[in-house]
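Notes to accompany the following structure.
Throughout, residue positions are numbered sequentially from 1 according to the sequence presented. Only this structure's heavy atoms are used, side chains among them; waters, hydrogens and symmetry mates stay out.
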Amino acid sequence: MKKLLFIGLIGAFIASCSSRTGHLMGASGRRVYQPEIPLGMVYIPSGSYIMGENDQDVPFLHQTRAKTVSVQAFYIDQTEITNNEYRQFVEWVRDSMARERIYSGLEEDEEASRYINYEDMYFDEGALETVEFEPSDRDVNRAIFALNWDRRFSYDDPELMPLLADMYYPQPERFYKRREFDTRKLNFKYYWIDLREAAKRGRIEIVHNGVDKDGNEISPEHRDLNTPQHPFTEEPQGLDKDLSYFNKKGQSTGLRGHENRQRFIIDEEINVYPDTLVWVRDFTYAFHDPMTNMYFWHPAYDNYPVIGITWVQAKAFSIWRTQLLNNWLQAMGDLFVNDFRLPTEAEWERAARGDLNNSPYPWGGPYIRNQSGCFLGNFKPMRGRYFEDGGFHTVKAYSYNPNGWGLYCMAGNVSEWCETAYDEAMYEFSHDLNTEYRYDAMDWDPPAMKRKVIRGGSWKDVGYYLQTSTRTYEYQDTAKSYVGFRNVATHLGRGGRDFSKEGGEEIRSDIQLR
């Protein structure tokens, strides 16, 4: 009897824990999200500020007229991306290429399978059944399983050297017979989603009485897409699939979707190695050979900002960094976070101002020296006196004092790429909410359409370019010895000033009035 009573109590307890209550309680099994600031980044809360010039428009450009804008909370790198951080990207591309060659080139199937993260039993989507891993089906297995980065190897392994031989410069191109990697082969393949193209609605044709009472189309043109085709792909633009339901009263839900979302997944391939020759190319009648030879690879410059990176390469780095973190989070059973990317111009300026309103420089102003007479940034302070501020070319990324947010070298050292396309009138037509202007330039577009905003001034610029409101540009397919970048990532949540109150379920309300 006691046993039956005990079983009954357990059953009642299980029934009481059931989610089927008949009431609206939200989806069950949802985890609590606690945001974390990515390593090396700083949290910038949501807020508004006066974007644009706070002082005299010295060159009379009339392109930074002050306007109040609001920017969503985000994280931003405390420093510019350094040589050593970018080298992690380059070496990842190199090592992934090596693993691909080893996996496809090894004779023994069992040995080759150690270079991928295979499962003994897996679900075959083509056969719609669970199958056993077959080491000999290398092409099939590589399409399903990712590379195994825990599998160590040596480039000097005698058994692997024949498989990796084509990764090095051929004998006639070697300098003093040095066996060096061929940087022309360091190509990174990646993907991104064209959300703006996917968001286009398009226009649909609605023909009067185009459908009968049974839902049959009388006019074949009823609800057809009526928008121009894409000029390059010749595919229909925007929402091209009719998801609406037609009822017997002649009403339609009017919903539309995409026939094939693959057309919005853009595949890219780019060489990732920095252009080290920019030091020679950027300055005529000047000697910069030592910087070309040493700047990117020598440990002396590990913590200096990376340069010689185009806008497109900076975007590729951002996508690689996103996948690096999200893949690790997924392996740890955590949730994905927002992508790393280049900052919008409005985000960059909010971060550079250091929570100081109407200040011409990240440290405030109006002066560019401190009370001791020391320069507060790395730039060209006086005619020919590049070293007066303590730096000859670039300096280490943590040099000088940080601004109010804790960010280093937001003025000087290197100018920084922004996501924003450059247009002189952008401040006039852009929205005041997350202000931004983007344009994906086609290959045949004129050079003016390939301009991207750079901010902050550099080691070779005069003081005017160090002002937080000064904007200029470089072309997206060019690399310079004075342009670098840093990443941002949008914060998940309200974005208040107190980061400790972001996320969690113990706080039922984001805002409590007193």
Side-chain angles (χ1 to χ4, degrees), residues 19 24-51 68-79 81 192-193 195-196 198-199 315 317-357 402-408 410 416 418-420 430-436 438 485-514:
S19 61
L24 182 64
M25 300 179 64
S28 60
R30 302 283 292 172
R31 63 172 55 190
V32 177
Y33 177 68
Q34 293 286 358
E36 291 185 6
I37 301 176
L39 184 66
M41 292 189 126
V42 169
Y43 172 68
I44 309 295
S46 300
S48 59
Y49 71 99
I50 300 176
M51 183 180 181
T68 302
V69 300
S70 295
V71 177
Q72 190 175 359
F74 60 97
Y75 311 109
I76 184 169
D77 283 321
Q78 200 168 14
T79 69
I81 298 298
W192 57 280
I193 298 178
L195 294 176
R196 288 181 298 157
K315 290 198 69 175
F317 172 90
S318 306
I319 292 173
W320 166 80
R321 184 179 180 184
T322 298
Q323 297 306 313
L324 186 71
L325 177 59
N326 280 339
N327 288 341
W328 180 79
L329 290 173
Q330 186 180 31
M332 296 294 104
D334 272 330
L335 300 169
F336 284 179
V337 294
N338 273 319
D339 294 354
F340 294 107
R341 53 182 173 79
L342 294 177
T344 67
E345 189 174 5
E347 287 174 331
W348 190 96
E349 186 169 329
R350 171 151 170 80
R353 288 184 177 277
D355 208 21
L356 297 175
N357 292 322
N403 71 358
W405 297 121
L407 303 175
Y408 290 83
M410 292 300 286
E416 298 175 13
C418 292
E419 179 73 30
T420 309
S430 60
H431 206 286
D432 58 2
L433 178 66
N434 280 341
T435 304
E436 177 64 328
R438 295 186 181 184
F485 69 101
R486 68 180 82 205
N487 281 148
V488 301
T490 302
H491 169 72
L492 289 159
R494 185 174 71 94
R497 283 188 170 267
D498 189 349
F499 186 78
S500 65
K501 294 182 179 179
E502 295 292 314
E505 64 177 4
E506 69 279 358
I507 302 175
R508 293 177 58 87
S509 172
D510 285 333
I511 301 174
Q512 294 180 352
L513 301 179
R514 297 182 179 179

Side-chain donor/acceptor of [X] to backbone N/O of [Y], under 3.5 Å:
{"X": "Arg341", "Y": "Lys315", "value": "no"}
{"X": "Glu502", "Y": "Gly495", "value": "yes"}
{"X": "Arg438", "Y": "Arg196", "value": "no"}
{"X": "Asn403", "Y": "Ala352", "value": "yes"}
{"X": "Tyr43", "Y": "Ala73", "value": "no"}
{"X": "Asp77", "Y": "Asn487", "value": "yes"}
{"X": "Asn357", "Y": "Tyr49", "value": "no"}

Counting neighbours of CG on Leu39 that are heavy atoms of other residues, nucleotides or ligands and sit closer than 6.0 Å, is the number greater than 12?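 No, the 6.0 Å shell around CG holds no more than 12 heavy atoms from other groups.
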Could you tell me the separation between the [atom1] atom of [X] and the [atom2] atom of [Y], rounded to the nearest 0.5 Å?
{"X": "Ser318", "Y": "Gln323", "atom1": "OG", "atom2": "CD", "answer": "11.5 Å"}
{"X": "Arg494", "Y": "Lys501", "atom1": "CZ", "atom2": "NZ", "answer": "9.0 Å"}
{"X": "Met410", "Y": "Trp348", "atom1": "CE", "atom2": "CH2", "answer": "4.5 Å"}

Which residue pairs pass the salt bridge (charged side-chain N to carboxylate O under 4.0 Å, His left out) test when at least one of the two sits in residues 348-357, sequence neighbours left out?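 Residue pairs passing salt bridge (charged side-chain N to carboxylate O under 4.0 Å, His left out), neighbours aside: Glu349-Arg353, Glu349-Arg455, Asp355-Arg497.
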Would you say the side chain of [Y] lies within less than 4.5 Å of the side chain of [X], judging by non-hydrogen atoms?
{"X": "Asn326", "Y": "Val337", "value": "yes"}
{"X": "Leu325", "Y": "Phe340", "value": "yes"}
{"X": "Gln72", "Y": "Thr490", "value": "yes"}
{"X": "Phe336", "Y": "Leu492", "value": "no"}

Distance-only polar pair, side chains of Thr420 and Glu436, donor-acceptor under 3.5 Å: yes
